[in-house]
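Written below as structure tokens is the structure these notes are about.
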Amino acid sequence: MSEQEKDLSEIMQVRRQKLEKLQESGVNPYPHSFERTHFSQEIVDNAKQLMEKEVAVAGRLMSIRGHGKVGFAHIMDSQGRIQLYVRKDQVGEANFATYKLMDIGDIVGVTGEVFETRTGETTIKAAKIELLTKTLRPLPIVKEKIEDGERVAYDQFADKEMRYRQRYVDLVVNPDVREVFITRSKIITHMRRFLDDKGLLEVETPVLQPIYGGASARPFVTHHNALDVELYLRIADELYLKRLIVGGFDGVYEISKDFRNEGMDRFHNPEFTMMEVYVAYKDYKYMMELVEEMVSYIANKIYGKTTILHQGREIDLTPPWKRITLFDAIEEHTGHNLYGKDLEQLRQIAKELKMEVESFWREGKIIDEVFSEKVEPKLIQPTFITDYPVELSPLAKRHRNDPNLVERFEPFMVGGEIGNAFSELNDPIDQRERFLAQQELLELGDDEAQMLDEDYLRALEYGMPPTGGLGIGVDRLVMLFTDQASIRDVLFFPQMRPEKSG
RNA sequence: GAGGGUAUAGCUCAGCCGGUAGAGCAGCGGCCUUUUAAGCCGUUGGCCGAAGGUUCGAAUCCUUCUACCCUCACCA
């Protein structure tokens, strides 16, 4: 980079020359503060009341149109944009000279009176325009035009790689991107408020864990020097949160990052945000109500209604959502009832469905595969899939009516799952057996099988009340609400290969 | 991990069956005291992602590499 710095592009050299000129004329290009009285949007919205009143706004110059001894510009702040009108005979010779040395992208503060131009645009007639930060890099400026009431952007900053790597530029230049992240923040705020209003306690549990658990995934491994031990970045919060239920809390939740050392695509980032909640004395039926209530609550808070548009389809989040068992759903979509079928029969059915089956797959795995291939893509409207085979769910309690099943559900919509929940297994003896079954899988070479956690078993032996638990993939919920097709578009800084290798 | 695509000026993109680089915007110099994708005149700017190869000659054809995007496989 330093080589490039020496040989700056012409456009950047010019900016540095302007910086020097400004300093020579006594202008501080990096002053310490500015007293703002209004945001741009407030002025535009309240133009009548503010007419001929003095205001002070601060933000970035996004367009400059010169007219000799006069100039128009747009300044953008966090709320929007407003036009400036700078006259040499108003701001004075020296200040006008400073203005002439400003570039698109520079951060400025303007004081002046509000008025309306001939064309009817609310504008600030500058009494003074101050440089607040000189910028040395040109912004990839997007030009906009209003055509038939539609905002049309020209030369949009669109290169995805650059947008992700230089999100700060993306945010300045693409207003829709900012909106997505504001909505993301609101979703989490409303989620938190909803859970708090239920009387649940927000808690924090370890990210660095000596034994990882609570999900099936490969972990990131790290090393703690002082203790000289291997630690894992958590793949889930589950086992720690349930320890807190053992400890006597009636309901706890955590919204935080989990880490899974696996592939990346438009639904997966190595670090992602999970919300997990556990409520004592409740079961999975209660958790279903909690999910549909929470998601529709968020929709109402954000859009004032419980339907949303996602990738051109209207999704109706109004409770109650459809509920169907895993086996019924498979039968509905394939015509095959897989319940109680043995391994050979399942293989035969998979064959008839033209699916490839790996030799080491067991019953549960085949059922899961049939479901995700034949059913999952068709679950567009919100649907709870319930009652999974025991072997797929080592932490879930057996079904009250059928010991081959567990009380588990996953909420699906737009062809993907957004969470996972169960009546939590609190029988320590059964839990030990399930862990041992996982150990066998581990030995068979399943590197995602779960580790046996003796301390967690000890906690269960002290007694965990009946508990309902739920995890929600927050990023996916955000994708749904903000109509984004890729997880990278709802993460400020999605994981990328480091820049400039080789 | 497999397949497909993309990479040319600060940004958005042209550049055909190989002949030595182009536009708009931005920038720079002019003119311009109500413009708004401001306008008009002039003008600078490129190791054509990297490295090799074929060729008299490569942005263009071939090979390898790098990064990103899309699809598929595993996982939320």
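Throughout, protein chains are lettered first and strands after them, A, B, ... in sequence-line order, and every chain is numbered starting at 1.
The shortest non-hydrogen separation linking A:M294 to A:M191 is SD-CG, 3.8 Å. Between A:T325 and A:D387, the closest heavy-atom pair is CG2-OD2, 3.7 Å.
Nucleotide B:G42 is matched to B:C28 when pairs are restricted to Watson-Crick or G-U wobble geometry with both distances under 3.5 angstrom. Both distances falling under 3.5 Å, in either a Watson-Crick or a G-U wobble arrangement, place B:A50 opposite B:U64. Shown here, B:C72 forms a base pair with B:G1; the pair counts as Watson-Crick or G-U wobble because both key distances fall under 3.5 Å. Remark: B:G22 base-pairs with B:C13; criterion is Watson-Crick or G-U wobble with both hydrogen-bond distances under 3.5 Å.
The gap from the P atom of B:C16 to that of B:U60 amounts to 11 Å, rounded to the nearest Å. Atom C1' of B:G5 sits at a distance of 38 Å from the matching atom of B:U43, rounded to the whole Å. Only the P atoms considered, B:A58 is 15 Å distant from B:G49, to the nearest whole Å. When the C1' atom is compared between B:G19 and B:U55, the two are found 12 Å apart, to the nearest whole Å. Comparing B:G1 with B:G24, their P atoms are spaced 44 Å from each other, to the whole Å. Separation of the P atoms belonging to B:A9 and B:A51 is 16 Å when rounded to the nearest angstrom. Separation of the P atoms belonging to B:A59 and B:U54 is 16 Å when rounded to the nearest angstrom. When the C1' atom is used for both B:A21 and B:C13, the distance is 14 Å, rounded to whole Å.
Within the nucleic acid shown, A:F259 has no heavy atom closer than 4.0 Å to any nucleic acid atom. Residue-level contact check: A:D89 touches the bases, meaning some heavy atom is under 4.0 Å from a base atom. Counting any heavy atom pair closer than 4.0 Å across all strands shown, A:R81 reaches no nucleic acid atom. Here A:R165 lies in heavy-atom contact (under 4.0 Å) with sugar-phosphate atoms only. Within 4.0 Å of A:G68, counting heavy atoms only, lies at least one base atom of the nucleic acid. Among the atoms of the strands shown, base atoms are found under 4.0 Å from some heavy atom of A:G66. Within the 4.0 angstrom heavy-atom criterion, only backbone atoms of the sugar-phosphate kind lie near A:M162; the bases stay farther away. In this structure, A:F267 reaches the bases: a heavy-atom distance under 4.0 Å links it to at least one base atom across the strands shown. If you check every strand for non-hydrogen atoms under 4.0 Å, A:N269 touches a base. At the heavy-atom level, A:E369 lies under 4.0 Å from the strands shown only through sugar-phosphate atoms. A:S63 comes within 4.0 angstrom of nothing in the nucleic acid, heavy atoms only. Residue contacts shown for A:A236 are absent, as no nucleic acid heavy atom lies under 4.0 Å away.
Residue side chain A:Q83 reaches the base of B:U35 through a donor-acceptor N/O pair under 3.5 Å, judged by distance alone. Side-chain atoms of A:R65 and base atoms of B:U35 include a donor and an acceptor less than 3.5 Å apart. Residue-to-nucleotide contacts include a donor-acceptor pair under 3.5 Å from the side chain of A:D265 to the base of B:C74.
At the phosphate of B:C32, neither OP1 nor OP2 sits under 4.0 Å from any side-chain N or O atom of A:K88. Applying the 4.0 Å criterion to OP1 and OP2 of B:U34, one finds that A:R87 has every side-chain N and O outside that range. For B:C70, the OP1/OP2 oxygens have a side-chain nitrogen or oxygen of A:R488 closer than 4.0 Å.
Remark: C1' of B:G45 and CE of A:M12 are 14 Å apart, rounded to the nearest angstrom. A straight line from CD of A:E417 to C1' of B:C74 spans 13 Å, rounded to a whole angstrom. Rounded to a whole Å, the CZ atom of A:F72 is 16 Å from the C1' atom of B:A37. Rounded to an integer number of Å, the gap from NZ of A:K160 to C1' of B:C70 is 9 Å. Taking atom CG of A:L136 as the reference point, atom P of B:G10 lies 16 Å away to the nearest angstrom. When rounded to the nearest whole Å, the span between CD of A:E376 and P of B:A73 equals 11 Å. Taking atom CD of residue A:Q156 and atom P of nucleotide B:C11, one finds them 15 Å apart after rounding to whole Å. Taking atom CZ on A:R163 and atom C1' on B:C11, their separation rounds to 14 Å, with Å as the unit.
Classification of B:C72 as anti follows from a glycosidic angle more than 90° from 0.
Here ring-ring contact (aromatic ring centres under 6.0 Å, His included) pairs that include residues 110-150 of chain A, with residues two or more places apart or in two chains, are A:Y85-A:F115.
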Quiz prompt | A:F492/A:Y164 under ring-ring contact (aromatic ring centres under 6.0 Å, His included): CA gap, chis, key distance, verdict | solution = CA-CA 8 Å; A:F492 274 127; A:Y164 298 148; over 10 Å; no
Exercise. Given side chain to side chain contact (heavy atoms under 4.5 Å, CB included), test A:W321 with A:V291 step by step and report yes or no.
Key: CA-CA 10 Å; A:W321 298 355; A:V291 172; 3.7 Å; yes
Self-check item: Derivation of the side-chain hydrogen bond (donor to acceptor under 3.5 Å, both in side chains) call for A:R178 and A:T183
Solution: CA-CA 9 Å; A:R178 154 194 289 284; A:T183 302; over 6 Å; no
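The aromatic ring of A:F272 stacks onto the base of B:A76, its centre lying under 5.5 Å from the centre of the six-membered base ring with the two planes under 30° apart.
A ring-centre distance under 6.0 Å is found for A:F412 and A:F371. Residues A:F384 and A:F409 bring their aromatic ring centres within 6.0 Å.
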Would you tabulate the nitrogen or oxygen pairs shorter than 3.5 Å linking the protein to nucleotides 26-30 of chain B?
{"residue": "B:A26", "atom": "OP1", "partner": "A:K143", "partner atom": "NZ", "Å": "3.2"}
{"residue": "B:C28", "atom": "OP1", "partner": "A:K18", "partner atom": "NZ", "Å": "2.2"}

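Of all nucleotides listed (B:C11, B:U33, B:C69), B:U33 comes nearest to the side chain of A:V70. Out of B:A37, B:A67, B:U35, the shortest distance to the side chain of A:R497 is found at B:A67. Distance from the side chain of A:E161 is smallest for B:C68 among the nucleotides B:C68, B:U12, B:U35.
One finds no salt bridge joining A:D489 and A:R266 here, because no Lys/Arg side-chain nitrogen approaches an Asp/Glu carboxylate oxygen to under 4.0 Å. A salt bridge links A:E271 with A:K257: the closest approach of a Lys/Arg side-chain nitrogen to an acidic carboxylate oxygen falls below 4.0 angstrom.
For A:K18, the NZ atom counts as densely surrounded, since its 6.0 Å shell holds more than 12 non-hydrogen atoms of other residues, nucleotides or ligands.
Remark: of the listed residues A:E276, A:E238, A:E254, A:E254 is the sole one forming a side-chain hydrogen bond (donor to acceptor under 3.5 Å, both in side chains) with A:T205.
Looking at which nucleotide of RNA chain B each of A:K69 and A:D475 is closest to, the 5′-most match is held by A:K69.
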